[in-house]
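Single-structure report; data block below.
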Amino acid sequence: MTGVAESTVSFHSLFAQELPELSVPWQAEEAPEPRLLVLNEALAGELGLEPAFLRSPGGTKFLVGNEVPQDAAPVAMAYAGHQFGGYSPLLGDGRALLLGELSLHGRTPGGLRDVHLKGSGRTPFARAGDGRAVVGPMLREYLVSEAMHALGIPTTRSLAVVATGRPVRRETMLPGAVLVRVAASHLRVGTFQYARATDNIDLLRRLADHAIARHYPAAGKAGNPYLALFRSVVEAQASLVAQWMLVGFVHGVMNTDNMTISGETIDYGPCAFMDTFNPAAVYSSIDTGGRYAYANQPVVAEWNLARLAESLLPLIDEDQERAVEPAVAALGEFRRRYSDAWTAGMSAKLGLRGHPEGSPEAEEVSRLVDGVIALLKDGPVDYTRFFRSLGEAARGNTRAARGMVLDLAAFDAWAERWRAMGPDAALMDGVNPVYIPRNHLVEEALAAATAGDLAPFRRLVAVLSEPYKGRPGLERYEEGAPESFGDYLTFCGT
Ligand code: AMP
Ligand code: MG
């Protein structure tokens, strides 16, 4: 097989066809010397793409958008968004292209997966940007998104990173790359904000119908499908953000253009996993006010969903006044859903099963959850290691967990009540990861990769692909950052 023309890749262009107002047909910039850095063979298989083809020169050209299958019609997608609370009426794919959709395991439309290139050159939405992306940050997105997937958290996936062979100007000159991202869709809250702002209700309705068909077909059968769509997104995001919180993930830039309708995590920029538990944890160099700090994430998600509700009002009821009440009620569900998901997730992290709401057992579980958070807040405790070592404690060996907290008397009192509830250690080991993409490990792997050695990156990807299973010989991947690592900040100029 030599080129994409001979391959069996068959693209849909559902988004481009159904929503031409949101699509600008566009082409990727020529990559002078494309070189495949990493390929996700398992994901390729799910999409019906031949790894042997993708590794060939023709396949690599396909992955950077320089050889486009005949049936594909790449587009840059339009969207708006609130960035750090300020509204930008036009953002869009400034450096990205949607190649089209592939059917996952032959299923449509719920089984469609967007294939999307990030770093493929300037588009009409590029504004002052150069349209490019850099090897380090694209490998970072690959690594963290695949780690999230392995943790069982909904996320966009990463199919490949290809170095373009072109140096890119940042603070210094850095090697350029394209990330090939796969997603249930790239519909964002900001896509709805953009469609709403056009005042074209037909467009807004087509967008909502497209979202329903792809993500929430059951909503299409509801009495008010658009209200049901909104409810579904509220539910999906409440569950998603709870899962972030449970693993200590800080997204870093929860702008409305970085929040999906599908409920997948998207846009791994200045994101990070907490080492030490800290509600105020912020890793983005530009988030000086802490808007997107760890503990703010549920509140921000709710704020973003309010922007989605505003965009959907004309569809929820022709009479906008009448639309407000059900929309507000649906938004109000976020807190309950989030809190239920958080409590259920924390109970599982503590090895405790669900109990009927309001029962004395449920109340004790809830006190134990509050108690463990108080212990974590009290001292510098490594969030991930602490929960994993509680699994040991459930088996009777409290030494490791106890050794991590400052207030031993408080720990002992808490642990006694907790053990009285009969925590299930096996349940805990299935939800408390051993391996997370720790910042110092990520940086180490990216620095080596940028210098040309991909071995540490590949090793880390492999370690993170099975996060819940401790393996001998991988002890250094469990450990917190060495003190020399200092305070961690990531930068948005990706
Ligand atoms: P992000 O922070 O990655 O979510 O991007 C926010 C907006 O900036 C989106 O509209 C991107 O397409 C755009 N953007 C980010 N980096 C670049 C770049 N290097 N060139 C053009 N547009 C960019
Ligand atoms: Mg974005």
Side-chain angles (χ1 to χ4, degrees), residues 22-24 26-29 31 64-65 74-98 114 116-142 144-145 155-156 158 161 164 166-181 183 185-195 197 250-262 264-272 282-287 291-292 300-301 304 307-308 489-494:
L22 304 179
S23 309
V24 179
W26 205 253
Q27 280 177 5
E29 160 179 74
V64 289
V75 296
M77 304 166 88
Y79 51 84
H82 278 88
Q83 299 181 305
F84 289 90
Y87 184 63
S88 291
L90 184 58
L91 291 168
D93 288 335
R95 56 164 172 173
L97 289 178
L98 174 66
D114 280 8
H116 187 264
L117 311 179
K118 186 163 171 180
S120 52
R122 284 176 57 83
T123 76
F125 303 114
R127 294 169 290 156
D130 61 4
R132 293 174 183 151
V134 168
V135 165
M138 295 306 101
L139 287 176
R140 191 166 198 283
E141 173 155 346
Y142 184 105
V144 184
S145 65
T155 176
T156 62
S158 296
V161 177
T164 59
R166 180 186 283 106
V168 174
R169 184 178 298 281
R170 292 293 180 260
E171 270 160 32
T172 56
M173 296 305 282
L174 293 166
V178 169
L179 168 77
V180 187
R181 178 161 80 186
S185 86
H186 282 78
L187 302 179
R188 307 149 190 264
V189 169
T191 317
F192 280 84
Q193 291 181 288
Y194 179 88
V250 181
H251 180 282
V253 8
M254 289 179 71
N255 295 332
T256 57
D257 53 305
N258 290 338
M259 185 185 244
T260 59
I261 298 303
S262 65
E264 288 182 337
T265 312
I266 195 171
D267 266 2
Y268 293 83
C271 61
V282 170
Y283 299 96
S284 166
S285 60
I286 61 169
D287 191 3
R291 180 181 172 92
Y292 300 138
V300 170
N304 289 350
R307 309 288 80 76
L308 177 63
L489 272 187
T490 61
F491 296 87
C492 260
T494 54

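Read the numbers this way: they start at 1 and go in the same order the structure lists the ligands and their atoms. Keep in mind that the numbers below use all heavy atoms, side chains included, and drop hydrogens, waters and symmetry copies.
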Quiz prompt | Value rounded to 0.5 Å, distance of OG1 in Thr256 from OH in Tyr194 | solution = 14.5 Å
Practice problem: Taking only heavy atoms of Arg170 into account, list the atoms of ligand 1 that are under 4.0 Å away from them. | Solution: 19 (N)
Practice problem: Please state whether Arg122 comes within less than 4.0 angstrom of ligand 1, counting heavy atoms only. | Solution: no
Exercise. Determine whether any heavy atom of Asp267 lies closer than 4.0 Å to an atom of ligand 1.
Key: yes
Self-check item: Phe125, portion touching ligand 1 at heavy-atom distance under 4.0 Å
Solution: neither
Quiz item: Atoms of ligand 1 less than 4.0 Å from Gly131 heavy atoms?
Solution: 18 (C), 19 (N), 20 (N), 21 (C)
Quiz item: Considering the options Arg122, Arg169, Arg170, which one meets the side chain to side chain donor-acceptor pair (under 3.5 Å) requirement together with Asp130?
Solution: Arg170
Quiz prompt | Separation of His251 NE2 from Met259 CE (nearest 0.5 Å) | solution = 9.0 Å
Practice problem: Tell me, please: is Met77 in heavy-atom contact with ligand 1, that is, under 4.0 Å? | Solution: no
Quiz item: Does the ring center of Tyr142 lie less than 6.0 Å from the ring center of Tyr268?
Solution: no
Practice problem: Mark yes or no for whether Arg95, through its side chain, and Arg132, through its backbone, hold a donor-acceptor pair below 3.5 Å. | Solution: yes
Quiz item: If you measure from atom 11 (C) of ligand 1 to every heavy atom of Gly119, Gly92, Ala96, Gly129, which option wins on shortest distance?
Solution: Gly92
Quiz item: Taking just the N, O or S atoms of Asp267, which one is nearest to the Mg ion (ligand 2)?
Solution: OD2
Practice problem: Answer with yes or no whether the side chains of Ser145 and Thr156 bring together a donor and an acceptor at under 3.5 Å. | Solution: no
Practice problem: Identify the heavy atoms of Leu97 and Trp26 that sit nearest to each other, and give their distance. | Solution: CD2-CB, 3.6 Å
Exercise. Ignoring angles and geometry beyond distance, decide whether Lys118 reaches within less than 3.5 Å of ligand 1 through its nitrogen or oxygen atoms.
Key: no
Quiz item: Numbering the atoms of ligand 1 from 1, which are under 4.0 Å from a heavy atom of Arg132?
Solution: 19 (N)
Quiz item: Between Arg181 and Asp267, is the closest basic N to carboxylate O distance under 4.0 Å?
Solution: yes
Exercise. Taking only heavy atoms of Asn258 into account, list the atoms of ligand 1 that are under 4.0 Å away from them.
Key: 4 (O)
Quiz item: Parallel, tilted or perpendicular for His116 and His186, by the 30°/60° rule?
Solution: parallel
Exercise. Could you tell me whether the Mg ion (ligand 2) has an N, O or S atom of Asn258 under 2.8 Å away?
Key: yes
Self-check item: Gln83, any N or O under 3.5 Å of ligand 1 N or O
Solution: no
